[in-house]
Amino acid sequence: MPRGGSLTKLAYYSTVQHKVAKVRSFDHSVKETEDDPLYEISVQEEITARLHFIKFENAYIETCLDFVKDHLVNTDTKVIKATGGGAYKFKDLIEKKLKLKVDKEDEMSCLIKGCNFVLKNIPHEAFVYVRHADSEFRFQNTHPDIFPYLLINIGSGVSIVKVESEDQFERIGGSSIGGGTFWGLGALLTKTKRFDELLQLASRGQHASVDMLVKDIYGGAYGTLGLTGDLIASSFGKSATADKEFSKEDMAKSLLHMISNDIGQLACLYAKLHNLTRVYFGGFFIRGHPVTMHTITYSINFFTKGEVQALFLRHEGYLGAIGAFLKGAEEDNPNQYSWGENYAGSSGLMSVSPELNPMQRARSGTFDMLEMDRLERQLVNLPLLQDPSSYIPDTMDLTEDAVAREYWLFCFEEALEGVVKRAIASQPDLPQTRERAEKFSQKYRHKLQTLRHQPFAYGSLTVRSLLDTREHCLNEFNFPDPYSKIKQRENDMALKYFQKAVKSLESLSWEQRQFALVKGLLAGNVFDWGAKAISDVLETNAGFGFEEAKRKLQERPWLVDSYNQWLERLKGPPHKCALFFVDNSGIDIILGVFPFVRELLCRGTEVVLASNSGPALNDVTYSELQILTERIAAMDTVIQTGIKEERLILVQSGSSSPCLDLSRLDKTLATVVRERHTDLVIIEGMGRAIHTNYYATLRCESLKLAVIKNSWLAERLGGVLFSVVFKYEEPPKYQEETHQ
Amino acid sequence: MELNGYHCEDEAAAETEEEESVGEKQQWAQRKESAAPRAGDTTEKEADAPRASASRERLPSNSMPRQRTDSLKKNRPPFPWFGMDIGGTLVKLVYFEPKDITVEEEQEEVESLKSIRRYLTSNVAYGSTGLRDVHLELKDLTLCGRKGNLHFIRFPTHDMPAFLQMGRDKHFSSLHTMLCATGGGAYKFDRDFYTMADLRLRKLDELDCLIKGVLYIESVRFNGHSECYYFENPTDPDLCQQKPYKLENPYPLLLVNIGSGVSILAVYSKDNYKRVTGTSLGGGSFLGLCCLLTGCSTFEEALEMASCGDSTRVDKLVRDIYGGDYDKFGLPGWAVASSFGNMMCKEKRESISKEDLARATLVTITNNIGSITRMCALNENIQRVVFVGNFLRINTLSMKLLAYAMDYWSKGQLKALFLKHEGYFGAVGALLELLNQS
């Protein structure tokens, strides 16, 4: 619980009880009838860990403590961790109210701990601020190594900290001219009490009426030094007179420039002295205020001539609280887990610009929250990424592409009704299904609206983040797996065709078979409830079949067509091991993927099937795939032998998203990939191979295939609905050379 | 100088120079047969550069032979000799008053020249805002072979029109003199000088002039006293006192000029320097903020208030936040954590005086200059810092603060030095250029 000048941030850890969908295989000793479903679906309660961070004004401290008190029931907590200068101020109040001992943690070490945590665990945590750009926020990739960096914390004063590793940091300097100076001096000059109001004043002011500019002294630029005429020569230099009135706005603006420039200059001097280029800014002065982010960015640019970029953090306001919490939870070692931002429970980055959204601003002043789900595993990079530091999962950044953003926001909003219907249908026997579905609908619609105004709220806006947000919202209202029944039905149906499909493939010549296998994969991939064009077809025409899907496919040459190269490659030696990221349940996995896997196994290639850890749309989950594989093995000796000899193994991806982030994968998967010397990665489906990873470069051969089931996207890529992408790639040449 | 072999090289160099001079001298002698050998010696040095002449000025040269003055007329600009530095807030003017004027010369002297001299030397205040800093006057100075006093005059830049009007009224342009000016105003008012007073300015770079001026005044000393000084025991308020400092082997040094804004220069030799950085938080900010916060209108008023105020009521100190020292980071409790930080709170805003605010403004601006300077010194690896500029005029508070800050935060590694002629070096440099270029 760090307490800065005016806001209190509270971090707590909770176990969240929520519904999860479980699948369980029936006892096979019992004779099955035709109508028996393949497996049983049940919704169970599961407990997961979640970190909550709440921020509110100090005025609400008592309310906050009541809240904490209510949530302390049944815990044996004895101590509450507090940090920040104000920890003294409220110590007695906290101890009296909560009957807990206040354990004061060092502010700076909490801040650094929190900063390390968010930089490591939250993709798109850091951003560069560009005023007037279509999206003002340019999010940065998470660099695999976050150290060393400089953290400039602008609270009431300024602290400059050099962070070299998880536990090693040093306060290398600071300044007394900080947020407190802006606020204090600003209040004196303008008689405006609130910090936010001062910033508003500043954003409307003209500093040139108060500041003495170079041109006021020189009449123009100071050419020999390259100082332009508009540069401030002397802050407040024009107000040195008793007989002139200055507007509040102009004075506030001048003050803002004075302080921002000064901090920027010191930051640059320290960065230069310590030879650091990654400089993060935080503290209440910065905290999501476009005005100060802009002036600091400008100043850093000016003083380093563009060599250093000012970086800001989405969750900067919580760093101290996160750090204090992590210190308290050290015995649990939260660092051994990975954490994921819960989009449903987090309020997201706010545009504090008052003109933009007064309602949001009012909210940000008093209440704001962040939730992080503990992902019961550590997430790591796919070891086969060519360059983990430059890997960007998403193909399109909707924060920057306004046209695409409009389309997808519209698309998701339109699809919402269908999702709600499906959610209701998935839980006919559970209580308050309709009410919960309605709440889900409201929440997601609200998120979409927020994103329309503030596309940057959760980092770069992407199709992936829109899909993930929907999943998080569904989970929030206990719809863990709206597609469970559909998946079950489709799996059931597809299994019945498996042997027939294999048989027909075996009758083909080698070359015909290779093509049929690829076509099967593609046709299977048409069956996707996530794509609106298909869900409409599936909705109205239940009999839409595999063969029909094949007919719908684009004829060769495909939109992206490297099939010939792939075929040539198959004529060569078998791959050592293929990692296959699978997509949908039903026809896709059973009639598309398994025959293909079967062929790979026959060629002598080991196969690692990677499926989602948790449900997302109709994607096949790890637990479903286990049952399916078991069933297929029972009717197919190749698969059976593969399983038995561990030449076919199933792993979970660590994700619950219809998309795929190759920089956040289950650690086990990475280990398997490394141990088996994987030399082929197959990524299937729109979500994983088009919306994400389309441009991902790997250090081994890769196959990305999908059917474009969205006419807008197809058009954008230069094709039509049901265009086929078949992208076979060899690793970049220079890589091979260095290996030889 | 005598202590080590290093100096021997210097001497050797000096000797070589001497030899070359002899050759030159002969040439001069041929051209001006009447020149006395000794005077001739001085002559070509002057023609060489004012910097070089500077070292000679201290030589006693009491009786000037008449012929010499005449013969030198062509190599010397006509009187009056001015150097001007037109800054953002103040115009600094140095005026050389020749004291060795012969009867003949006086007869020849045009009335306007006399009137200017009389006006400037017989007054200490000009108009409502012009002032002569009598205490800074350099007496018995020899410049360009002429002996006289150097006067230091200043007036606010906003009174420039009045000054030009005076120049016009006194028929300054009829003297056909070259007016050397530096500072931004030399550019800004260039046209006004021409249109209002029929004067053409020779515009000079302000940093060149600043450095030339500093080196010159340092070398001629201040009427026999040291120009440069420092504060002994800067960290002990009781024992802290001003002491003369001998600025020998001055390079490299960091020169911090605190005018309306601040420029920080790293000086490696007399003509090798670079502007490291600057800040807009300078003297102009102090006065500007003080005027807004307290309603005062002059630097003197602002300083007077600051001297009676208590900044710790306005600033938030480390101990206000942490209850004492912040040991982990070596921050003492008395250090300012947030300038004006206490003013975030309404009650405290109502409990402080104007004097407290003036003091806090002074401390804020001064400390900030101190910390930027310190970072530059570290980045440039320079241990000596010379602070100049009119912000330091009658401002012992700031000088002591700077001396303290340099010493304390560098653990004694950095030394803060000050010069008595604070803000006049640019103008002096401009005057030297006048003498150099003719």
Side-chain angles (χ1 to χ4, degrees), chain A residues 5-6 85 88 106 108-109 155-157 159 171 173-185 187-189 193 195 210-212 214-220 222 224-225 227 231-243 246 251 257-258 261-262 265-266 269-270 272-273 303, chain B residues 86-89 157 183-185 187-190 205 207 259-261 275 277-285 287-293 295-297 299 314-316 321-323 328-331 335-344 346 349 357 364 367-368 371-372 375-376 378-379:
Chain A
S6 68
Y88 283 101
D106 173 66
M108 198 57 69
S109 48
S156 46
S159 281
R171 184 188 190 274
S175 167
S176 68
I177 299 188
T181 315
F182 178 71
W183 195 341
L185 201 43
L188 288 169
L189 290 171
K193 287 173 207 138
F195 180 72
V210 183
D211 289 342
M212 187 181 283
V214 166
K215 68 179 172 204
D216 293 321
I217 302 178
Y218 273 80
Y222 182 0
T224 48
L225 284 182
L227 303 179
L231 215 64
I232 304 170
S234 175
S235 294
F236 287 90
K238 280 187 195 154
S239 66
T241 162
D243 43 51
F246 295 90
M251 288 189 289
H257 276 304
M258 176 177 106
N261 286 338
D262 191 55
Q265 178 171 29
L266 274 171
L269 287 167
Y270 278 101
K272 189 180 167 197
L273 191 64
F303 286 108
Chain B
I86 313 170
T89 311
T157 306
Y187 297 82
K188 186 182 176 184
F189 295 106
D190 188 31
D205 181 79
L207 300 183
S260 318
R275 183 178 189 272
T277 190
T279 166
S280 68
L281 282 85
S285 317
L287 185 53
L289 281 170
C290 270
C291 290
L292 292 174
L293 292 171
C296 73
S297 58
F299 184 65
V314 178
D315 294 338
K316 193 174 279 238
I321 301 177
Y322 296 99
K328 194 176 160 112
F329 296 123
L331 289 177
V336 183
S338 172
S339 298
F340 286 85
N342 280 342
M343 299 298 93
M344 289 189 276
K346 188 169 176 281
R349 278 202 294 279
L357 289 172
T364 302
N367 279 340
N368 189 58
S371 65
I372 292 176
M375 287 309 296
C376 290
L378 278 173
N379 269 324

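In what follows, every heavy atom counts, from backbone to side chain, and hydrogens, waters and symmetry copies are set aside. Per chain, numbering begins at 1; letters A, B, ... match sequence-line order.
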Applying side chain to side chain donor-acceptor pair (under 3.5 Å), can you list everything that pairs with Y222(A), at least two apart in sequence or on another chain? D205(B)

Highest number of heavy-atom pairs under 4.5 Å with chain A among L293(B), T89(B), N368(B), V314(B) belongs to N368(B)

Does any heavy atom of chain A fall under 4.5 Å from the side chain of L357(B), the backbone, both, or neither of them? side chain

Using a cut-off of under 4.5 Å for heavy-atom pairs, which of F329(B), Y187(B), F299(B) has the most such pairs with chain A? F329(B)

How many angstroms lie between CD in Q265(A) and OG1 in T279(B), if you round to the nearest 0.5 Å? 5.0 Å

Taking N342(B), L289(B), V336(B) one by one, which has the highest count of heavy-atom pairs under 4.5 Å against chain A? L289(B)

Let me know if L185(A) has heavy atoms under 4.5 Å from chain B in its side chain, its backbone, both or neither. both

If I measure from the heavy atoms of chain B, does L227(A) come under 4.5 Å with its side chain, its backbone, both, or neither? side chain

G87(B), G283(B), S339(B): which one forms the most heavy-atom pairs within less than 4.5 Å of chain A? S339(B)

Of the backbone (N, CA, C, O) and the side chain (C-beta and beyond), which part of F246(A) lies under 4.5 Å from a heavy atom of chain B, both, or neither? side chain

For S234(A), all residues meeting side-chain contact (heavy atoms from CB on, under 4.5 Å), sequence neighbours excluded: M212(A), S260(B), S285(B)

Side chain, backbone, both or neither: which part of S159(A) has a non-hydrogen atom closer than 4.5 Å to chain B? neither

How many angstroms lie between CZ in F340(B) and CD1 in I177(A), if you round to the nearest 0.5 Å? 9.0 Å

Contacting moiety of F195(A), where chain B heavy atoms sit under 4.5 Å: neither

Go through the atoms of L188(A) and report whether side chain, backbone, both or neither lie under 4.5 Å from a heavy atom of chain B. both

At a heavy-atom separation under 4.5 Å, does C296(B) approach chain A through its side chain, its backbone, both, or neither? backbone

How long is the span from the CE atom in M108(A) to the NZ atom in K328(B), to the nearest 0.5 Å? 9.5 Å

Indicate yes or no for a side-chain donor-acceptor contact from K188(B) to the backbone of D216(A) under 3.5 Å, with no hydrogens or angles considered. yes

